[in-house]
Amino acid sequence: MSDIQEKKAAIAITLPDGTVRTFPCGSTGFDIALSIGRRLAEDALAVTVNGKAADLYAPVASDAQLEIITFDTPLGRDIFWHSASHIMAQAIEELYPGSKFGAGPATEQGFYYDIASEHRFREEDLRLIEQKMLEIGKRNSTLRREEMSRTDAIAYFKNVRNDPYKVEILETTLKDVDTVSIYHQGDFADLCTGPHLPSTSKLKAVLLLNISSSYWRGDSSRENMQRIYGIAFPSDKLLKEHIARLEEAKRRDHRKLGTELELFMLSPEIGSGLPVWLPKGAIIRSELETFLKEEQRKRGYLPVYTPHIGNIELYKRSGHYPYYSDSQFPPLTYHDEDGKQEQYLLKPMNCPHHHLIYSSKLRSYRDLPIRLTEFGTVYRHEQSGELNGLVRARGFTQDDSHIYCTPDQLVDEICNAIDLTQFVFGTLGFSEVQTRLSMHDPANQQKYGGTAEIWEQAEKDVREAADRMGIDYFIGIGEASFYGPKIDFIVRDALGRKWQLGTVQVDYVMPERFDLSYIGSDGQKHRPVVIHRAPFGSMERFIGVLIEHTAGNFPLWLAPVQAVVLPIAEEVHDYAKTIHAALIAAGIRAEIDTRNEKIGRKIREAEIGKIPCMIIVGQKERDSGEISLRRHRSGDMGSFTVPGLIDILKKEISERT
RNA sequence: GCUGAUGUAGCUCAGUCGGUAGAGCACUUCCUUGGUAAGGAAGAGGUCAUCGGUUCAAGUCCGAUCAUCAGCUCCA
């Protein structure tokens, strides 16, 4: 090869920091990583070339922007876990020959593979599979990419791999694709677009978490498969850290803390999915409700109360009944004295009641917007497998409001609702909130009410409001409710599962169904638009997530017990009681611990009980007429006079910090 | 609803091969009167989720039901 040709064959690689380096044509990501540093080359899992992920050993043939991908990035973890799922499949194939493989992707927190096997997987099997996976890692097998035509791939999976699921994918999902890729490692091979790890040896630590079931292709009419979930790491240290995080999540679990802190209970004698608020939990809920009521009063909301049941005709009219009849409690059937039958539904939502309040009198455009609000308890017969403590219940209370406005006012009103939601989330310290614009799925039109024009308008309005509020959102196609698009505020629980809390929903459909109207400036009847909105969403779910978010360490304004007076010895009990009485008189939720125990013990139990303020009094405090304050998780704060203490606490409570 | 697992004292859990129930914490009483995360002693506490079956005998084996957990499906 001549010099000239070599120069021509050089390629310019632009690295993420903007530096440009020259490499021979056909250099791989590994070569480039090695030229930067040995450590980086070791950590390198794959590359992106002009933003597109590729294998570490794929030759780069032209000038490109290139980034070395390591486990530290979301993409790196995704690739690592995806390869780990292949390695798990190989391990299962070796241990349980004849197993067939469905889908095996990486997830946000690891990976899974769906398996059809004669063998029923049990907990003990997971340890065996883990060992086999680590063994495959030690074999240092290359993950080799092979491209072949789709027809060849079908033949390959039919005859060589004998895997009907992969054949089905090739024949359906990929039917329009000419060339597909297959990744080989040792004797195992899988249909996969990749990219993958360069070698199985990157896998140094693995934890298989649980076995569950799934439907092939997520279709409940098709066969059940066994799904094994796991997570893997390039080092033992990272696995240990992950296990520590799992344990922390377990400690924060709202069901565990709810029992320990006596916030709520669930009892089969009352019914599954029907949470009961214990006195301490009821305080938290009541404080949150008061907080929102105050804020809504400032924002022009009008409180109403409506019954817990409603005539079934109401829900047929709203359109909810046909859409959701299978997730409602069965109707209550009632015969009056004349034998006439009526059916009532435990209300699954509040909107129809509010719509009837709206239409109970003639409304002028001058009255709008009208914002009706209620903490409305609703009942939905959620599938038994869905129930989960407070975050998924069958009876729950929505902080539900319906805003009736003119089309002109709509975007402003959506913005107001977004602002209120953000205010609520901000006050409660939720910083990692994702916002989803939940749009309809045009391919599934029968799921929705209303006309195409109405949907187009509603989605445009939602977008406009979200843009005006400067929200960083993502679009969820098919996530809309049947009557309109939504803006959903989503947070994660301790285990990383996502839950929708606040919501703002636009509705052009209900006003039609309920023939809602107002008299415009032209003296004619016009149709208002409805916004459904709930900043908390459900009080139960919100508090469930709040418990996990705070790990039970509630801010002072929400703490069920705000202060506990801890006398050091019996001789200061009388003094301690005067302090306790003064706190109670000041409206502070205070207790007193006059048990015959040492102060160390009383403090320990108050700390475990997550009581924000410990008021310690002994001989010294009695003589000086002061108290000693200890804050939960902070320690000794020094001495205060009683009025001084009360001022501090009342300020902190009223500021809700 | 589906697949799998689990259910023993208020809580966390042990209970071997089927032989009649155990610990720690919490609780009650007594002793101890103390200075910023566990003082000591004693006591009480159980229809082993429920119902049925096998067996001389069931917490233990089998079946059904209920509930819980993980995931799937669903979510106004």
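A note on names: the letters A, B, ... follow the listed sequences, proteins ahead of strands, and every chain is numbered from 1.
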Which of the following nucleotides, [options], is nearest to the side chain of [X]?
| X | options | value |
| --- | --- | --- |
| Gln619(A) | G71(B), G35(B), A76(B) | G35(B) |
| Asn210(A) | G1(B), A70(B), U68(B) | A70(B) |
| Arg630(A) | G39(B), G71(B), U36(B) | U36(B) |
| Pro268(A) | A76(B), A67(B), A37(B) | A67(B) |
| Thr259(A) | C27(B), C11(B), G1(B) | C11(B) |
| Ile616(A) | A26(B), U36(B), A76(B) | U36(B) |
| Arg120(A) | C2(B), G4(B), A76(B) | G4(B) |
| Lys447(A) | A76(B), C75(B), C69(B) | C75(B) |
| Asn224(A) | C2(B), U33(B), C27(B) | C2(B) |

Is any side-chain nitrogen or oxygen of [X] closer than 4.0 Å to OP1 or OP2 of [N]?
| X | N | answer |
| --- | --- | --- |
| Asn388(A) | A70(B) | yes |
| Arg251(A) | U12(B) | no |
| Lys486(A) | A76(B) | yes |
| Ser327(A) | C74(B) | no |
| Arg604(A) | U36(B) | no |
| Arg122(A) | A5(B) | yes |
| Arg601(A) | A26(B) | yes |

So does [X] reach the base of [N] with its side chain, donor to acceptor, closer than 3.5 Å?
| X | N | result |
| --- | --- | --- |
| Ser212(A) | G4(B) | no |
| Tyr215(A) | G1(B) | yes |
| Ser214(A) | U3(B) | no |
| Glu621(A) | G35(B) | yes |
| Arg392(A) | C75(B) | yes |
| Glu571(A) | U33(B) | no |

Determine the Euclidean distance between corresponding P atoms of C62(B) and C25(B); express it in Å to zero decimal places.
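After rounding to an integer number of Å, I get 35 Å for this pair.
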Taking the P atom of each, how far is C13(B) from U29(B), in whole Å?
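Comparing P positions in C13(B) and U29(B) gives a spacing of 29 Å.
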Select base, sugar-phosphate, or nothing to describe what [X] touches, counting heavy atoms under 4.0 Å on all strands.
| X | result |
| --- | --- |
| Gly618(A) | base |
| Lys620(A) | base |
| Tyr323(A) | nothing |
| Gly319(A) | nothing |
| Glu269(A) | nothing |
| Ser481(A) | sugar-phosphate |
| Tyr112(A) | nothing |
| Tyr229(A) | sugar-phosphate |

Just to verify, what does Arg513(A) make a salt bridge (Lys or Arg N to Asp or Glu O under 4.0 Å) with, not counting sequence neighbours?
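Listed in chain order: nothing, the list is empty.
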Could you tell me which residues satisfy salt bridge (Lys or Arg N to Asp or Glu O under 4.0 Å) with Lys498(A), sequence neighbours excluded, listed by chain and number?
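Lys498(A) satisfies salt bridge (Lys or Arg N to Asp or Glu O under 4.0 Å) with Glu108(A) only.
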To the nearest angstrom, how far is [X] atom [atom1] from [N] atom [atom2]?
| X | N | atom1 | atom2 | result |
| --- | --- | --- | --- | --- |
| Lys598(A) | G34(B) | NZ | C1' | 6 Å |
| Trp216(A) | C72(B) | CH2 | P | 16 Å |
| Arg227(A) | A70(B) | CZ | C1' | 12 Å |
| Glu260(A) | C11(B) | CD | P | 11 Å |
| Leu263(A) | C11(B) | CG | P | 15 Å |

Do you know which of Trp499(A), Phe489(A), Phe542(A) makes ring pair (Phe, Tyr, Trp, His ring centres under 6.0 Å) with Phe430(A)?
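That would be Phe542(A); it is the only one of Trp499(A), Phe489(A), Phe542(A) passing the ring pair (Phe, Tyr, Trp, His ring centres under 6.0 Å) with Phe430(A).
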Is NZ or CZ of Arg622(A) both nearer than 6.0 Å to the six-membered ring centre of Tyr575(A) and within 45° of the ring axis?
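Relative to the ring axis of Tyr575(A), which defines the angle, Arg622(A) lies outside at least one limit.
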Can you check ring pair (Phe, Tyr, Trp, His ring centres under 6.0 Å) on Tyr358(A) and Tyr404(A), steps first, answer last?
CA-CA 8 Å; Tyr358(A) 176 87; Tyr404(A) 302 84; 4.5 Å; yes
Apply side chain to side chain donor-acceptor pair (under 3.5 Å) to the pair His532(A) and Asp507(A), showing each step before the final yes or no.
CA-CA 7 Å; His532(A) 308 239; Asp507(A) 182 357; 2.8 Å; yes
Pairs counted as Watson-Crick or G-U wobble with both distances under 3.5 Å: what dot-bracket string results for RNA chain B, using | for bases tied to another strand?
(((((((..((((.....[..)))).(((((.......))))).....(((((..]....))))))))))))....
Answer yes if the ring centres of Tyr324(A) and Tyr315(A) are under 6.0 angstrom apart, and no otherwise.
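Distance test on ring centres: not under 6.0 Å, no.
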Distance flag, aromatic centroids of Phe375(A) and Phe536(A), threshold under 6.0 Å:
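So the answer is no for these two rings.
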Taking for each residue the nucleotide of RNA chain B with the nearest heavy atom, is it Glu597(A) or Ser628(A) whose nucleotide lies nearer the 5' end?
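The residue closer to the strand's 5' end, by nearest nucleotide, is Ser628(A).
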